[in-house]
**Q** 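Below is the structure I would like to discuss, written out as structure tokens.
Sequential numbering from 1 along the given sequence is applied to the chain's residues.
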Amino acid sequence: MARHLITSALPYINGIKHLGNMVGSMLPADVYSRYLRQRGHDVLYICATDEHGTPAELAAKEQGLPVAEFCAQAHDAQKAVYDGFALAFDYFGRSSSPQNLEITQHFARRLNENGFIEERAIRQVYSPADGRFLPDRYVEGTCPHCGYDKARGDQCENCTRVLDPTDLINPRSAISGSTDLEVRETKHLFLLQSKLQHEVEEWVAAHEEEWPQLASSIARKWLTEGLHDRAITRDLDWGIPVPADTWPELAAEGKVFYVWFDAPIEYIGATKEWSDAAPAGETRDWKSWWYESDTGENPVRYTEFMAKDNVPFHTVMFPATQLGVREPWKKVDYVKAFNWLTYYGGKFSTSQKRGVFTDQALDILPADYWRYFLIANAPESDDSSFTWEHFTATVNKDLADTLGNFVNRVLSFSKKRFGDEVPAGAAAGEAESKLGEQIADLLAEYETQMESLQFRKAAAALRALWSAGNSYLEEKAPWLEIKTDPEAAALTLRTAMNLIHLYAVVSEPFIPSSSAAMRAAFALPSDTATWISADEAKSLSAVPAGTPFTVPPVLFAKLTDEDLETYKERFGGDKVGGDKV
């Protein structure tokens, strides 16, 4: 089986992330990773908190904490939420790790040796009131492209254009609010992306046909506009320091690398963290995942998950960095890019506290409710809107009625009529043969969509599998069969119980906790199935007669009109952007 390296865009350290962040990177990466593991592939899913740059310093200042202490606490808080969402990272690291420092400085030295880094004097915003230069997010103002008046000095959150602080109209200090700003000369390191333009173009051309149109169009747009040399250092107290052995003057001035230089390198750094954290007696070879061998042995397929605002950095800027290092570092094969998930038509926003945040979501309902809804409505081809009405309707129709009710009524009815063991009943007949063929076909469709990373279509195929069980149950009507032919009713229930086991196995990437509960309902000591083959789907015989079973608690509670109104009152609804948040 293949080796799959999977990464999702690193969540910023400054606060708990919202549902849009979850569905735009980490959750689909987890669903795909789980699926690949179940199919027998060797998978390494890596993520980390992105801890450098002005967001960390500003958030720490707001809380009155040293930035290192703030980042450590925030990392643990984010990890707890991701554990709550059952994200099965192989490792969740930190970009402030010693491993990332080591590798980032190595990249910088190699780029410099190869002529792709240049020291330049530039004019930069300086605040006399704060007594310091103001890089990136330390400067706020009006975007020159769209007029958004809360744009930051690195990127406009509204139109996603990448900016420099000096681009902003009516700039102000994010520290003191002072508008008494000057432009002074200072020195920084620049990555000469212009010298790598042709190589990046060739690399993108070799991959973009396979990528989703969203990813390839963004990469192509950046290349068409031309790659510009970009500063990769900043005047900050917190970050990976410029190595003194290469740039002693800049190191003495306290320059650190720009967060967008070191953050993608943390994918590699976190893999080394994973390797270094191996328990006694276990050896983990981090380089085998990232350093391509000359012989082509043990190839790795690398898939990245991210929202569209991160695409330029991963399809153009980081590949340029990797190419310039002149070492065989693994570059991405497939970029799964997502559009925005909006909240009643307005943007979710971490910085503006607008929308439902992941910790709040878990306070309301278990993770599987959110996992299923978000993936079933993932913003793949266009932006999609979260509304409480849509969420409630989806939970009730798909989870509570289609899947949950099927499981509960089959097991409860069988227990009432036949006791605590799977009944034997008659031999499978024409209806069961027809059902098996249908399930095998639907399972193949589900697999096809998962393999092609079409998550909404995969969710629709999974829903169709669940619906097939309900259709079979309605057709056979065991509550009527029991009156005239108990053996026929027992066959129907035994077949339906086998469907529950099948659902437990194949639904695990979407709803892992509920799948575990369904699977645990049957006392099958030798149940080691990780997936269901076409022949197994057709036979529906994994749970034989005589197997003890229990009726699990209700898998999914139906949401009421009162629940809907409570959620809308708490978080806002009906108004664009969720004004009550």
Side-chain angles (χ1 to χ4, degrees), residues 1-10 22-48 87-90 199-223 263-268 270-271 288-292 296 298-323 328-339 375 378-382 446-459 461 509:
M1 289 293 181
R3 302 173 76 218
H4 287 267
L5 174 64
I6 296 172
T7 63
S8 53
L10 309 186
M22 179 62 69
V23 74
S25 58
M26 291 174 283
L27 180 55
D30 178 74
V31 170
Y32 186 55
S33 298
R34 286 176 176 274
Y35 171 76
L36 291 175
R37 291 189 191 105
Q38 286 188 263
R39 300 307 306 273
H41 297 291
D42 188 7
V43 177
L44 186 65
Y45 177 22
I46 294 293
C47 193
L87 301 185
F89 303 116
D90 287 287
E199 292 180 53
V200 176
E201 284 180 331
E202 287 187 340
W203 178 79
V204 169
H207 292 82
E208 64 180 332
E209 296 262 333
E210 185 182 358
W211 296 349
Q213 183 179 1
L214 179 62
S216 59
S217 63
I218 291 173
R220 185 52 59 188
K221 177 176 180 292
W222 272 57
L223 289 169
I265 297 172
E266 167 59 8
Y267 295 134
I268 306 172
T271 309
S288 72
W289 292 93
W290 282 104
Y291 220 68
E292 297 182 301
N298 297 317
V300 172
R301 179 169 175 80
Y302 179 20
T303 305
E304 290 180 341
F305 290 79
M306 69 197 68
K308 58 186 177 184
D309 57 329
N310 282 325
V311 169
F313 301 102
H314 292 78
T315 60
V316 175
M317 293 175 66
F318 187 44
T321 297
Q322 291 178 296
L323 288 165
W329 295 100
K330 177 65 184 176
K331 288 172 282 294
V332 65
D333 294 299
Y334 191 85
V335 178
K336 179 61 177 178
F338 290 87
N339 288 282
I375 293 297
E380 292 178 292
S381 58
D382 206 346
Y446 177 52
E447 293 170 352
T448 296
Q449 300 304 338
M450 289 292 281
E451 296 285 349
S452 59
L453 288 86
Q454 296 296 312
F455 291 102
R456 293 180 73 145
K457 291 180 179 179

**Q** Going through the checks in order, is the side chain to side chain donor-acceptor pair (under 3.5 Å) test met by S288 and R3?
**A** CA-CA 10 Å; S288 72; R3 302 173 76 218; 3.0 Å; yes
**Q** Show your reasoning for whether side-chain contact (heavy atoms from CB on, under 4.5 Å) applies to K331 and H314.
**A** CA-CA 10 Å; K331 288 172 282 294; H314 292 78; over 6 Å; no
**Q** Kindly indicate, with the supporting measurements, whether the criterion side-chain contact (heavy atoms from CB on, under 4.5 Å) is fulfilled by T321 and M317.
**A** CA-CA 6 Å; T321 297; M317 293 175 66; 5.7 Å; no
**Q** Is the ring pair H4/Y32 parallel, tilted or perpendicular, if the boundaries are 30 and 60 degrees?
**A** perpendicular
**Q** Between atom CD of E380 and atom CZ of F338, what is the distance when rounded to the nearest 0.5 Å?
**A** 5.5 Å
**Q** Classify the ring geometry between Y45 and F89 as parallel (under 30°), tilted (30 to 60°) or perpendicular (over 60°).
**A** tilted
**Q** Give a yes or no on whether the backbone of R456 and the side-chain of Q449 come within a donor-acceptor separation of less than 3.5 Å.
**A**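 Such a contact is absent between Q449 side chain and R456 backbone.
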**Q** One pair to check against side-chain contact (heavy atoms from CB on, under 4.5 Å): F455 and K336. What are the steps and the verdict?
**A** CA-CA 11 Å; F455 291 102; K336 179 61 177 178; 4.0 Å; yes
**Q** Between atom CG of L223 and atom OG1 of T315, what is the distance when rounded to the nearest 0.5 Å?
**A**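 The distance works out to 7.5 Å.
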**Q** Closest heavy-atom contact between E304 and V332?
**A** CG-CG2, 3.5 Å
**Q** Just so I know, are the side chains of L5 and W290 near enough to count as touching, which here means a heavy-atom distance under 4.5 Å?
**A**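 The answer is yes, as the side chains (C-beta and beyond) meet within the 4.5 Å cut-off.
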**Q** Tell me the closest heavy-atom pair linking L453 and F305, and the distance in Å.
**A** CD2-CZ, 3.5 Å
**Q** When rounded to the nearest 0.5 angstrom, what is the spacing between SG in C47 and CD1 in I6?
**A**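 Rounded to the nearest 0.5 Å, the SG-CD1 separation comes to 12.0 Å.
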**Q** How far does CH2 of W222 sit from OG of S217, to the nearest 0.5 angstrom?
**A**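 With rounding to 0.5 Å, CH2 (W222) is 13.5 Å from OG (S217).
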**Q** Can you name the closest pair of heavy atoms from S8 and M26 and give their distance?
**A**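 Taking S8 first and M26 second, the nearest heavy atoms are OG-CG, 3.5 Å.
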**Q** So D90 and R37, side-chain contact (heavy atoms from CB on, under 4.5 Å) or not? Walk me through it.
**A** CA-CA 12 Å; D90 287 287; R37 291 189 191 105; 2.9 Å; yes
**Q** Taking the six-membered ring for Trp and the full ring for Phe, Tyr or His, determine whether the centres of W211 and Y334 are under 6.0 Å apart.
**A**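 They do not qualify: ring centres at least 6.0 Å apart.
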**Q** Shortest non-hydrogen contact from Y267 to A9?
**A** OH-CA, 3.5 Å
**Q** Does the E208 side chain pair with the main chain of R220, one donor and one acceptor, at a distance under 3.5 Å?
**A** no
**Q** Which distance, rounded to the nearest 0.5 Å, do you find between the CD1 of I218 and the NZ of K308?
**A**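 Going from CD1 on I218 over to NZ on K308, the span is 7.5 Å.
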**Q** Heavy-atom count around Q213 CD within 6.0 Å, excluding the residue itself: above 12?
**A** no
**Q** Measuring from S33:OG to I46:CD1, what's the distance to the nearest 0.5 Å?
**A**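 S33 OG to I46 CD1: 10.0 Å, rounded to 0.5 Å.
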**Q** Quick check: closest heavy atoms across A461 and Y446, and the distance to 0.1 Å?
**A** CB-CA, 3.6 Å
**Q** State, with a plain yes or no, whether a side-chain heavy atom of L87 is found less than 4.5 Å away from one of L27.
**A** yes
**Q** If we only count heavy atoms from C-beta on, is the E266 to L10 side-chain gap below 4.5 Å?
**A**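 A side-chain contact under 4.5 Å exists here.
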**Q** Tell me, do H41 and Y35 make a side-chain contact under 4.5 Å, heavy atoms counted?
**A**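 Side-chain contact under 4.5 Å: no.
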**Q** What I'd like to find out is whether the side chain of W289 reaches to under 4.5 Å of the side chain of I268, using heavy atoms alone.
**A** no
**Q** Any side-chain heavy-atom pair from V31 and M450 closer than 4.5 angstrom?
**A** yes
**Q** Quick check: closest heavy atoms across A88 and D30, and the distance to 0.1 Å?
**A**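 Closest pair (atom of A88, atom of D30, distance): N-OD1, 2.6 Å.
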**Q** Answer yes or no: is there a side-chain heavy-atom contact under 4.5 Å between D42 and N298?
**A** no
**Q** Is it true that a side-chain atom of D333 and a backbone atom of Y302 form a donor plus acceptor pair closer than 3.5 Å?
**A**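 Such a contact is found between D333 side chain and Y302 backbone.
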**Q** Tell me, do L44 and V300 make a side-chain contact under 4.5 Å, heavy atoms counted?
**A**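 Side-chain contact under 4.5 Å: no.
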